[in-house]
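Note that the coordinates shown come from a computational prediction; the quantities given were computed from them, not determined experimentally. Every number for a ligand or one of its atoms is a count from 1 in the order of the listing.
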Amino acid sequence: MSRTVRGACPHDCPDRCGWEVTVDGTGVAVSLRGSSTHPLTAGRLCGKLAGYLDDRVYHPDRLTRALRRVGRKGQGRFIEIGLDQALDEIADRLRDTADTDGPAAIVPFSYEGTQGLLQSKSMSERFFARLGATEVLHTICGATAGAGVSAVNGSTNGVLPEDARHAQLVLVWGANPVVTNQHLWPAVLAARANGGRIVVIDPVRTRTAAAADWHVQPRPGTDAVLALGIAHVIVGDGHTDRDWLGAHATGLDELVVCLERFTPEHVAGIVGIPAAEVVDLARAYAGARPALIRLMIGMEHHPGGAAAYTAIAGLPVLTGAWAHHGGGLSFHTAAHFMSALNMAGLKMSHLAAGPRRRINMVRLGHLLTDPDQDPPVRALFVHGSNPAVTVPSAGLVQAGLGREDLFTVVHDHVLTDTARFADIVIPATTQPEHLDLMWSWGHTDLMLNTPALTPPGDAISVTDLFRSLAARMGFTERCFGDTDAELITTAVDSDHPWLAGINEDELRATGWQRLALPVPYLPFADGFPTPDRKARLSPVARVAADLDGGPAPPGSPTRPLQLLTVKALHSMNSTYAETPRATRGGRSWLDIHPDDAARRGIGDNSVVRVHNDRGEIHLVARVGRRVRPGVVATEFGRGTATSAGRPAGPANLLTDDTLTDAGGAAFHHTFVEVDLVN
Ligand SMILES: Nc1nc2c(c(=O)[nH]1)N[C@H]1C(S)=C(S)[C@@H](COP(=O)(O)OP(=O)(O)OC[C@H]3O[C@@H](n4cnc5c(=O)[nH]c(N)nc54)[C@H](O)[C@@H]3O)O[C@H]1N2
Ligand SMILES: Nc1nc2c(c(=O)[nH]1)N[C@H]1C(S)=C(S)[C@@H](COP(=O)(O)OP(=O)(O)OC[C@H]3O[C@@H](n4cnc5c(=O)[nH]c(N)nc54)[C@H](O)[C@@H]3O)O[C@H]1N2
Ligand code: SF4
Ligand SMILES: [Mo]
């Protein structure tokens with residue numbers, strides 16, 4: 001007898017699809033399909049997940065036993081050991097480290113490999129809090145954009161993505177939803193079917209840009225200037241909504257003074273588009289009702305990332321776009337869940353005996369290699385992340401991971417580039433093998449992931465792993481005995497009105513439940529979540545004042561090309577980047593403009609060496625106008641797989657780990673030279 005079990009995709013993807021796993025009478029999953037009852041999923045998983053059972057759950061390279069290193073660090077030579085033995089060794093080593101160097105010498109490095117509340121935000125958090133380990137600040141994705149938007153609105157909340165269908169203009173600014181947020185795209189197309197226009201602002205002619213009605217192709221890192229130029233035109237044309245502004249915003253007069261310099265001509269010179277296009281864009285935006293700006297993350301990875309989001313967030317305030325259903329900014333929906341769920345009860349950060357050292361994850365390479373760290377990092381515990389590939393300045397990260405005196409544990413499904421440096425590798429359960437409660441950053445449905453399969457071999461969930469380690473460490477607090485079911489009960493134990501009506505029986509019956517937001521949802525109908533309930537234009541004025549000379553001139557004579565490293569269609573960050581679907585048997589491409597290619601003797605399909613003083617990778621040139629002169633672009637998820645002895649990745653060997661203006665990763669502040677190999 002086969003049965004069908006409801007679950008949800010675990011990935012760090014805004015779509016958070018629901019799925020159905022069909023299991024045959026022998027306990028083997030025979031199919032995995034997108035949920036037909038979850039509206040956004042609409043019966044379809046993306047191409048990355050279409051092969052999930054073969055690519056992960058039943059893949060021959062899937063880890064099912066614990067491993068202990070026998071070779072040198074990074075060589076990837078291991079022997080299998082029993083899970084109990086591995087856990088004993090880890091506990092002994094963590095206890096010794098805490099005794100000798102203090103618990104701050106232990107660094108847990110986790111990210112959103114799975115976004116389940118249980119797998120990523122419960123037992124592991126409790127364990128490392130109780131231990132007093134260093135706390136790693138999750139700055140790599142979204143924090144910079146969030147700081148920029150919140151400076152104006154007091155929140156990252158905004159228009160619900162599905163409400164894009166009501167807009168007469170959807171301005172997709174620095175985002176590539178056709179690739180990265182595929183289930184949003186039908187709502188954008190619905191806006192067009194209703195007579196709306198789709199505009200994309202991106203230095204790369206992405207699939208989304210190609211599908212739009214109008215593609216604006218600015219110089220990277222100039223969006224704040226562009227937004228201020230649009231604001232200049234809006235003010236000059238008298239398109240500000242003075243009544244709405246008077247009631248809902250502060251700082252207008254201050255901003256208007258600062259905008260004077262941002263004439264279309266001045267802006268055009270910095271952004272690298274015609275002055276007429278700045279004017280047309282401003283008029284198209286201000287004239288559309290509702291007008292929606294769709295933001296994501298890609299644009300934050302510049303030194304002035306937060307400033308750009310602040311400047312953009314000023315636009316719907318100036319025009320009063322928030323007053324219309326479907327108008328305003330649409331960003332991520334994470335804060336809807338994080339403010340409503342009982343996150344404190346899940347994470348229990350109060351278990352820490354005192355303040356914990358905090359470090360920025362973007363600086364992992366420095367942290368591991370800097371001899372002056374106090375205390376130096378002696379033990380690193382990685383789960384749900386692959387920092388050897390995904391963190392900037394990956395060469396420095398790998399040098400740190402290569403330290404023979406560093407004790408590294410990695411919990412994952414496959415032997416990632418990071419796991420190859422581990423002392424102990426622990427096999428992780430996949431999503432159909434553990435219980436979890438899923439939130440989303442692209443919609444407002446809470447979803448239940450019910451286990452459908454027995455984990456293979458010694459594969460262990462994050463919650464079980466940290467329960468077992470807590471017992472071995474002698475942590476006697478009752479919270480370490482909470483079952484997964486009890487953790488879910490804790491998560492939804494909240495009086496927040498958005499959780500009204502959410503209950504576990506209903507979740508089990510349907511697989512998902514929508515947060516109880518008002519319908520229709522106008523996010524700031526009752527005022528902005530700031531002390532005076534008003535949006536703030538003063539931060540926009542400060543951005544304008546600080547941008548006196550425009551953005552820093554890019555590059556240097558020896559590294560003249562700015563490298564953008566973007567999300568790939570067939571991988572989820574580094575996950576699945578090794579699958580034949582993602583590699584297509586060859587290297588990644590490098591988009592390069594015909595003028596830059598000709599100057600270097602590079603033709604279409606030439607193999608090129610992309611390099612700077614941090615490293616080099618070899619890619620295949622795609623010559624064309626997908627990028628502007630002076631800009632090159634590639635996808636970033638590949639690991640160190642080599643072909644013909646030449647490195648194909650990771651692209652982060654080249655990236656810059658200087659911080660953004662809000663402490664995030666300025667991946668795109670990377671300058672390279674490109675040479676022909678053959
Ligand atoms: N297929 C796939 N989907 C994914 C992911 C994946 O790896 N693969 N990753 C998931 C994750 S973790 C995230 S955070 C989201 C990210 O989703 P997105 O933010 O949509 O993706 P990115 O590719 O990071 O960046 C979007 C665009 O920003 C552009 N950009 C870069 N610099 C600038 C700039 O200065 N100005 C402007 N206007 N645009 C700029 C890039 O050219 C890129 O096309 O995607 C999620 N979805
Ligand atoms: N150059 C450049 N670099 C970037 C970006 C960029 O645009 N350009 N984007 C950045 C962004 S936005 C992000 S979010 C980060 C993402 O960076 P990471 O979070 O490191 O993302 P992944 O590479 O997907 O690694 C997730 C890992 O978690 C594992 N995993 C999955 N499920 C489980 C589980 O249940 N348990 C355990 N223990 N492990 C599991 C996967 O197998 C995988 O190895 O990358 C960043 N890096
Ligand atoms: S990766 Fe995103 S689009 Fe693909 S199945 Fe998962 S949630 Fe859906
Ligand atoms: Mo991300």
Side-chain angles (χ1 to χ4, degrees), residues 7-19 32-35 38 40-42 44-50 52 111-113 115 138 140-143 145 171-185 200-209 215-227 271 294-305 308-309 312 331-332 334 390 431 438 440-443 447 551 554 562-577 582 591 626-628 631 633-637 664-670:
C9 175
H11 284 299
D12 187 359
C13 168
D15 298 31
R16 183 70 66 240
C17 294
W19 71 30
L32 176 77
R33 292 178 310 273
S35 162
H38 181 242
L40 197 82
T41 309
R44 190 183 70 84
L45 301 176
C46 72
K48 304 182 288 301
L49 268 285
Y52 184 70
Y111 203 59
E112 312 272 351
Q115 292 198 307
H138 283 183
I140 210 160
C141 172
L171 181 47
V172 180
W173 201 326
N176 186 12
V178 170
V179 168
T180 59
N181 189 186
Q182 297 178 22
H183 293 78
L184 171 68
W185 196 241
V200 170
I201 305 182
D202 196 312
V204 181
R205 191 165 179 81
T206 59
R207 285 170 191 254
T208 310
H215 175 206
V216 180
Q217 200 169 15
R219 284 198 185 103
T222 62
D223 302 272
V225 176
L226 178 56
V271 177
R294 174 62 183 176
L295 298 169
M296 278 275 271
I297 305 301
M299 189 175 36
E300 77 172 9
H301 298 305
H302 292 274
Y309 283 80
I312 293 167
F331 183 25
H332 61 69
T390 57
Q431 184 79 344
M438 312 299 300
S440 165
W441 47 287
H443 59 68
M447 308 183 84
Q562 181 160 11
L563 174 68
L564 304 180
T565 44
V566 301
K567 269 60 173 182
L569 179 63
H570 294 293
S571 70
M572 173 47 62
N573 301 315
S574 77
T575 310
Y576 315 121
D591 279 332
R626 275 178 296 265
V627 289
R628 311 167 45 100
V631 178
T634 187
E635 52 191 26
F636 86 92
F667 291 109
H668 301 322
H669 189 64
T670 294

Any atom of ligand 1 sitting under 4.0 Å from a heavy atom of Gly637? no
Measure the shortest side-chain to side-chain distance between Thr180 and Met296 over non-hydrogen atoms and say whether it is less than 4.5 angstrom. yes
Measure Trp441 to ligand 1 on non-hydrogen atoms and call it side chain, backbone, both or neither using the 4.0 Å cut-off. side chain
What are the atoms of ligand 3, with element, lying closer than 4.0 Å to any heavy atom of His183? 3 (S), 8 (Fe)
Listing residue and atom name, which protein N/O/S atoms are closer to atom 6 (Fe) of ligand 3 than 2.8 Å? Cys9 SG
Is any side-chain heavy atom of Leu563 less than 4.5 Å from a side-chain heavy atom of Thr634? yes
Would you check if Glu112 and Asn573 make a side-chain contact, meaning some heavy-atom pair closer than 4.5 Å? no
Give yes or no for whether the N/O distance cutoff of 3.5 Å, strictly under, is met between Asp202 and ligand 1. yes
Are Leu564 and Phe636 packed together at the side-chain level, in the sense that at least one heavy-atom pair is separated by less than 4.5 angstrom? no
Within the 6.0 Å centroid threshold, strictly below: His138 and Tyr111: yes
for atom 14 (S) of ligand 1, nearest protein heavy atom and its distance come out as Cys141 SG, 3.2 Å
Between Pro14 and His332, is any pair of side-chain heavy atoms under 4.5 Å apart? no
Test your reading of the structure: does Leu564 have an N or O sitting under 3.5 Å from an N or O of ligand 1? no
Indicate, with yes or no, if the rings of His443 and His38 have centres closer together than 6.0 Å. yes
Are Leu226 and Ile201 close enough that some pair of their side-chain heavy atoms sits under 4.5 Å apart? yes
May I ask you to list the atoms of ligand 1 that are less than 4.0 angstrom from any heavy atom of Gly221? 34 (C), 35 (O)
Number the atoms of ligand 1 from 1 as they appear, then name those within less than 4.0 Å of a heavy atom of Thr206, with their elements. 44 (O)
Quick check: does Asp223 get an N/O under 3.5 Å from an N/O on ligand 1? yes
Going by distance only, is there an N or O of Asn176 that falls short of 3.5 Å from an N or O of ligand 1? yes
With a sphere of 6.0 Å drawn around CZ of Arg33, does it hold more than 12 non-hydrogen atoms of other residues, nucleotides or ligands? yes
Tell me whether Tyr576 reaches ligand 1 (any heavy atom closer than 4.0 angstrom to a ligand atom). no
Geometry only, no angles: is Pro177 polar-contacting ligand 1 at N/O separations under 3.5 Å? no
When you measure from atom 7 (O) of ligand 1 to every protein heavy atom, which one gives the shortest distance, and what is it? Asn573 N, 2.7 Å
My understanding is that we take every heavy atom of each candidate and find the minimum distance to atom 39 (N) of ligand 1. Doing that for Gly305, Pro203, Gly298, Pro218, which one comes out nearest? Pro203
Closest to atom 28 (O) of ligand 1 among protein heavy atoms sits Gly174 O, 3.3 Å
Within this structure, what is the CG-CH2 distance for the pair Asp15 and Trp185, rounded to the nearest 0.5 Å? 13.0 Å
May I ask you to test the Ile140-Phe667 pair for a side-chain heavy-atom distance under 4.5 Å? yes
Looking at every non-hydrogen atom in both residues, tell me the closest pair between Lys48 and Gln182 and how far apart they are. NZ-NE2, 3.8 Å
Between Lys48 and ligand 1, find which residue part has any heavy-atom pair under 4.0 Å and reply side chain, backbone, both or neither. side chain
Check: of Cys13, Ala224, Gly142, Ala568, min heavy-atom distance to atom 2 (C) of ligand 1 comes from Ala568
Under 3.5 Å between some N or O of ligand 1 and some N or O of Ile201? yes
Atom 32 (N) of ligand 1 has as its nearest protein heavy atom His302 NE2, 2.9 Å
Give a yes-or-no answer on whether the side chains of Trp441 and Gln115 include a donor-acceptor pair shorter than 3.5 Å. yes
For atom 10 (C) of ligand 1, find the nearest protein heavy atom and state the residue, atom name and distance (0.1 Å precision). Asp12 O, 3.2 Å
Element-labelled atoms of ligand 1 that are located less than 4.0 Å from some non-hydrogen atom of Trp173: 38 (N)
4.5 Å side-chain heavy-atom contact, His302 and Pro220: yes
Show me which atoms of ligand 1 lie under 4.0 Å from any heavy atom of His668. 31 (C), 32 (N)
Verify whether one side chain among His11 and Tyr52 offers a donor that lies under 3.5 Å from an acceptor in the other. no
What do the steps show when you test Gln431 against Met438 for side chain to side chain contact (heavy atoms under 4.5 Å, CB included), and what is the final call? CA-CA 11 Å; Gln431 184 79 344; Met438 312 299 300; 3.4 Å; yes
Location of contacts on Thr222 toward ligand 1, heavy atoms closer than 4.0 Å: neither
Does Glu635 form a side chain to side chain contact (heavy atoms under 4.5 Å, CB included) with Thr565? I'd like the steps, not just the answer. CA-CA 5 Å; Glu635 52 191 26; Thr565 44; over 6 Å; no
Heavy atoms only: which of Asp15, Val204, Thr180, Val566 is nearest to atom 3 (N) of ligand 1? Thr180
Looking only at distance, does Ser571 have an N or O less than 3.5 Å from an N or O of ligand 1? yes
Has ligand 1 got any nitrogen or oxygen that is less than 3.5 angstrom from a nitrogen or oxygen of Lys567? yes
Which distance, rounded to the nearest 0.5 Å, do you find between the NE2 of His183 and the CZ of Arg16? 12.0 Å
Derivation of the side chain to side chain contact (heavy atoms under 4.5 Å, CB included) call for Met447 and Ser440: CA-CA 9 Å; Met447 308 183 84; Ser440 165; over 6 Å; no
